[in-house]
Amino acid sequence: MKILVEIFVPVLAVTMEVYIPVQSPVYEALELLKKAVTELSDGEFIADAATTLCYRESGDIININQSVQELELQNGSCLMLI
């Protein structure tokens, strides 16, 4: 099962909607997101080891060792890739 989340990328000033697997640990979803954003931005966004995911509203960094389900992310969750 997958959920549709909204990812804001401040460096590009763009928001994208992306499906992520619910059962995956966030570190796996983060890798997928980094690749997707890099491809969708035609290489304008270049992820590195410091690239992380956080909640858009609070700016709190997401624990990448938990699963998407454990974090209770759901359709429409707003995240930020920084």
Legend entry - Atom of Cys54, atom of Gly59 and distance for their closest heavy-atom approach: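 Closest pair (atom of Cys54, atom of Gly59, distance): CB-O, 3.7 Å.
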
Does any non-hydrogen side-chain atom of [Y] lie less than 4.5 Å from one of [X]?
X	Y	answer
Phe8	Leu81	no
Thr52	Ile62	no
Val68	Val5	no

Legend entry - Connected hydrophobic set around Ile61, excluding itself, where side chains approach under 4.5 Å: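 Once heavy-atom contacts under 4.5 Å are chained together, Ile61 still belongs with nothing else.
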
Legend entry - Where at least one partner belongs to residues 42-64, residue pairs that pass salt bridge (charged side-chain N to carboxylate O under 4.0 Å, His left out), sequence neighbours excluded: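 Residue pairs passing salt bridge (charged side-chain N to carboxylate O under 4.0 Å, His left out), neighbours aside: Glu6-Arg56.
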
If you look only at distance, which donor and acceptor atoms sit under 3.5 Å apart when one is on a side chain in residues 18-40 and the other is two or more places apart or in another chain?
residue	atom	partner	partner atom	Å
Gln23	NE2	Gln69	OE1	3.1
Glu31	OE2	Lys34	NZ	3.0
Thr38	OG1	Lys34	O	2.8
Thr38	OG1	Phe45	O	3.2

Legend entry - Path from Leu53 to Leu71 over hydrophobic side-chain contacts below 4.5 Å: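 Linked within one cluster.
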
Inset, instruction - Examine Met80 and Val11 and state if one hydrophobic cluster contains both, with Ile, Leu, Val, Met, Phe, Trp and Tyr joined whenever side-chain heavy atoms are less than 4.5 Å apart. - result: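 Unlinked, Met80 and Val11 end up in two clusters.
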
Inset, instruction - Working to the nearest 0.5 Å, report the span between CD1 of Ile3 and CD of Gln74. - result: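 Ile3 atom CD1 to Gln74 atom CD measures 7.5 Å (nearest 0.5 Å).
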
Legend entry - Heavy-atom donor-acceptor pair, Asn75 side chain to Leu4 backbone, under 3.5 Å: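 Yes, because the side chain of Asn75 sits within donor-acceptor range (under 3.5 Å) of the backbone of Leu4.
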
